[in-house]
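Single-structure report; data block below.
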Amino acid sequence: MTAKLFSPFTIKDITLKNRIVMSPMCMYSSHNEDGHVENWHRTHYASRAVGQVGLIIVEATAVTPQGRISPQDLGIWSDEHVEGLQELVGLVKEHGAKIGIQLAHAGRKAELEGEIVAPSAISFNEQSKTPKEMTKAEIEETVEAFKKGAERAKKAGFDVIEIHGAHGYLINEYLSPLSNKRTDEYGGTAENRYRILREVIDAVKTVWDGPLFVRVSARDYHEDGLTPEDYITFAKWMKDQGVDLIDVSSGAVVPAHINVYPGYQVPYSETIRNGAGISTGTVGLITSPIHAEEILQNERADLVFLARELLRDPYWPRTAAKELGVDIKAPVQYERGWM
Ligand SMILES: Cc1cc2nc3c(=O)[nH]c(=O)nc-3n(C[C@H](O)[C@H](O)[C@H](O)COP(=O)(O)O)c2cc1C
C-alpha cells in the first residue's frame, strides 16, 4: 500500500503533490514595518519548497495596517505589496510546491500603537489594550479590505487563499459569544456572529475562484464558548458558500488552559469533516510520519498541517518518505545526497 501522505490531493484546478502542508507561521520579519517581503521570507519559504512540502501557506498577512499583529507582519493592504509577494510565489513554485496565503486581521490582538478594533470593547486580557467597538462602516471597510487582499493575492499568483478565522483574531472574535457582545445584526445568534465571515467569504469569492480555505478555532476551551459541534453549523454554511477546506485549529479567543498532546486537535477536524461533509486539514503537535499517515488513512482529515516541526526540519517530507518507505523525487541538485 502506498502512503496516503504522498498521494496527490486536488482542489478545484490545483493538484498538490502530497498531503503535507506548511502551516502559516508569522515570521515578524518585515523589518521596515511596511509589510513588505524581505530576504528572510524568500529563504524561509523557498527552503520548505526545496524540502518537498506540497502546499506552503504564507503567514498571516494583514489586509489593513491596523489588522497586523505586530508592526513587522507581512501586509497585503496596498498594491505595492504585490511585487514582493509575486516574487515569493515564483521562488516557491520553481520547486514544485503550491503556495497559499493567509489573509488576516488581528482585531483586538493587534499589538500596535494607536487604536485597535474588535466587535466589542473588551480586551483579551488585563495586559492588552481595550479595542474600540467597530462601527458598521468599519465592518464594511474591513470586508472590502479582505476582498482587495484576495484580488492582490490573485495578481501575485497564489494557488490558495486561506481566510484567518482562528486564534482569537478579528473574525474569530465575531464568531465567539465570549468576545462578541454586540446587539446589532453582527452579534447575538450564531447567524449574526457568522455574518462578517459570510460577508468576507462572499466578497473574496467575487474576485477569487481558486481554492478557498478558512482556518477556525473549533473550541474556545470555556464553558460558555464554542465547541466543535457549533463549528459543524458554521462549516455547513461555509461549504454552501463555496469554501473548499476547513483548516481546524483551536483556542486563543480567550485566555484558557489547554491540555495539549500530539494530535489533540485531530478529533475536532474529524467532527467537522464528518458533520459537515467538507474537506479538512488538521494541525497541532504532529511530528511523526506514522501519526500523519494514520490520520489520513482513517479519514480524520484530508491534509496534515505542520508548523514547528517544519522549522526544525525543512526536509521533513524526505524524512517522512524514508520512514514510510516511499521514494520521492529529490531536487536534481540534491540527488546524490537524498537517500
Ligand atoms: C512561530 C509561529 C508563528 C505562527 N503564526 C501563525 C499564523 O500566522 N497564522 C496561524 O494561523 N497560525 C500561526 N501559528 C500556529 C501554527 O500555524 C500551528 O497551528 C501551531 O503552531 C500548531 O502546530 P505545530 O504543533 O505543528 O507547531 C504560528 C505558530 C508558530 C510556532
Side-chain angles (χ1 to χ4, degrees), residues 5 19-30 35 37 40-41 44-45 47-48 51 53-63 67-76 85 88 99-107 109-111 146 149 153 158 160-173 175 197 200 212-219 221 231 245-253 258-269 272 280-289 291-292 295 301 303-314 316-317 319-320:
L5 190 60
R19 310 287 182 114
I20 304 166
V21 182
M22 179 177 179
S23 198
M25 276 179 283
C26 280
M27 290 288 107
Y28 308 111
S29 291
S30 293
V37 168
W40 175 261
H41 304 105
H44 168 69
Y45 290 110
S47 301
R48 277 70 195 174
V53 169
L55 171 65
I56 288 170
I57 302 192
V58 170
E59 64 202 78
T61 302
V63 297
R68 286 175 293 178
I69 302 164
S70 82
Q72 290 80 27
D73 287 17
L74 277 184
I76 195 162
L85 291 168
L88 185 63
I99 180 166
I101 186 166
Q102 189 182 51
L103 300 183
H105 190 300
K109 283 189 154 180
E111 292 184 16
F146 272 96
F158 283 98
V160 171
I161 288 180
E162 173 165 289
I163 296 168
H164 199 345
H167 302 164
Y169 297 116
L170 188 77
I171 289 174
N172 194 178
E173 290 160 20
L175 294 175
L197 179 53
V200 166
L212 182 62
F213 296 4
V214 177
R215 176 167 267 203
V216 299
S217 273
R219 185 181 287 284
Y221 302 99
Y231 273 90
L245 182 139
I246 314 282
D247 167 10
V248 185
S249 186
S250 72
V253 76
I258 307 175
N259 180 24
V260 301
Y261 51 88
Y264 71 104
Q265 295 175 139
V266 174
Y268 309 153
S269 159
I272 291 172
T280 59
T282 189
V283 65
L285 287 170
I286 299 164
T287 59
S288 143
H291 184 198
I295 292 166
L303 297 176
V304 178
F305 286 55
L306 284 90
R308 287 163 291 182
E309 185 63 6
L310 276 170
L311 297 184
R312 293 183 281 266
D313 179 6
W316 190 85
T319 309

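Because the structure is predicted, anything quoted here is derived from the model rather than measured. Whatever order the structure lists ligands and atoms in, that order sets their numbers, starting from 1.
Using a 4.5 Å heavy-atom cutoff, the side chains of Gln265 and Val283 are in contact. Side-chain contact between Tyr268 and Thr280 is absent, with no heavy atoms from C-beta onward closer than 4.5 Å. The shortest distance between side-chain heavy atoms of Phe213 and Ile161 does not fall below 4.5 Å. Considering only heavy atoms from C-beta on, His44 comes within 4.5 Å of Met22 through its side chain. Put simply, the side chain of Tyr231 does not reach to within 4.5 Å of the side chain of Val248, judged on heavy atoms. In this structure the side chain of Asn172 never reaches within 4.5 angstrom of the side chain of Val216, judged on heavy atoms.
Ligand 1 does not have Glu309 within reach: every non-hydrogen atom of the residue lies 4.0 Å or more from it. Residue contact check for ligand 1: Ala166 places no non-hydrogen atom closer than 4.0 Å to it.
Interface atoms of ligand 1 facing His167, defined by a heavy-atom separation under 4.0 Å, are 10 (C), 11 (O), 12 (N). Close approach to Ala60 involves these atoms of ligand 1, each under 4.0 Å from a residue heavy atom: 8 (O). When each atom of ligand 1 is checked for a heavy atom of Ser23 under 4.0 Å away, the hits are 16 (C), 17 (O), 18 (C), 19 (O). Listed by atom number, the atoms of ligand 1 under 4.0 Å from Gly284 heavy atoms are 22 (C), 23 (O), 25 (O).
Looking only at protein heavy atoms, the nearest one to atom 25 (O) of ligand 1 is Leu285 N, 2.6 Å. The nearest protein atom to atom 29 (C) of ligand 1, hydrogens excluded, is given as Met25 CG, 3.7 Å; this is a heavy-atom distance. Remark: minimum distance from atom 9 (N) of ligand 1 to any protein heavy atom is reached at Gln102 OE1, 2.8 Å. Here the protein heavy atom with the shortest distance to atom 14 (N) of ligand 1 is Pro24 O, 3.4 Å.
Annotation: Ala307 places an N or O atom under 3.5 Å from an N or O atom of ligand 1; distance criterion only. Residue Leu311 has no nitrogen or oxygen atom sitting less than 3.5 Å from a nitrogen or oxygen atom of ligand 1, judged on distance alone. Considering backbone and side-chain N/O of Ser249, none are found under 3.5 Å from N/O of ligand 1. The N/O atoms of Cys26, backbone and side chain alike, include one that comes under 3.5 Å of an N/O atom in ligand 1.
A donor-acceptor distance shorter than 3.5 angstrom exists from the side chain of Ser217 to the backbone of Gly251, with no hydrogens or angles considered.
For atom 15 (C) of ligand 1, the nearest non-hydrogen atom from the set Arg308, Arg215, Met27 comes from Arg215.
Side chain to side chain, Ser249 and His167 meet the donor-acceptor criterion of an N or O pair below 3.5 Å.
A perpendicular orientation is assigned to the rings of Tyr169 and His164, their planes being inclined by more than 60° (bins at 30° and 60°).
For Tyr45, the side-chain hydrogen bond (donor to acceptor under 3.5 Å, both in side chains) partners at least two apart in sequence or on another chain are Glu59.
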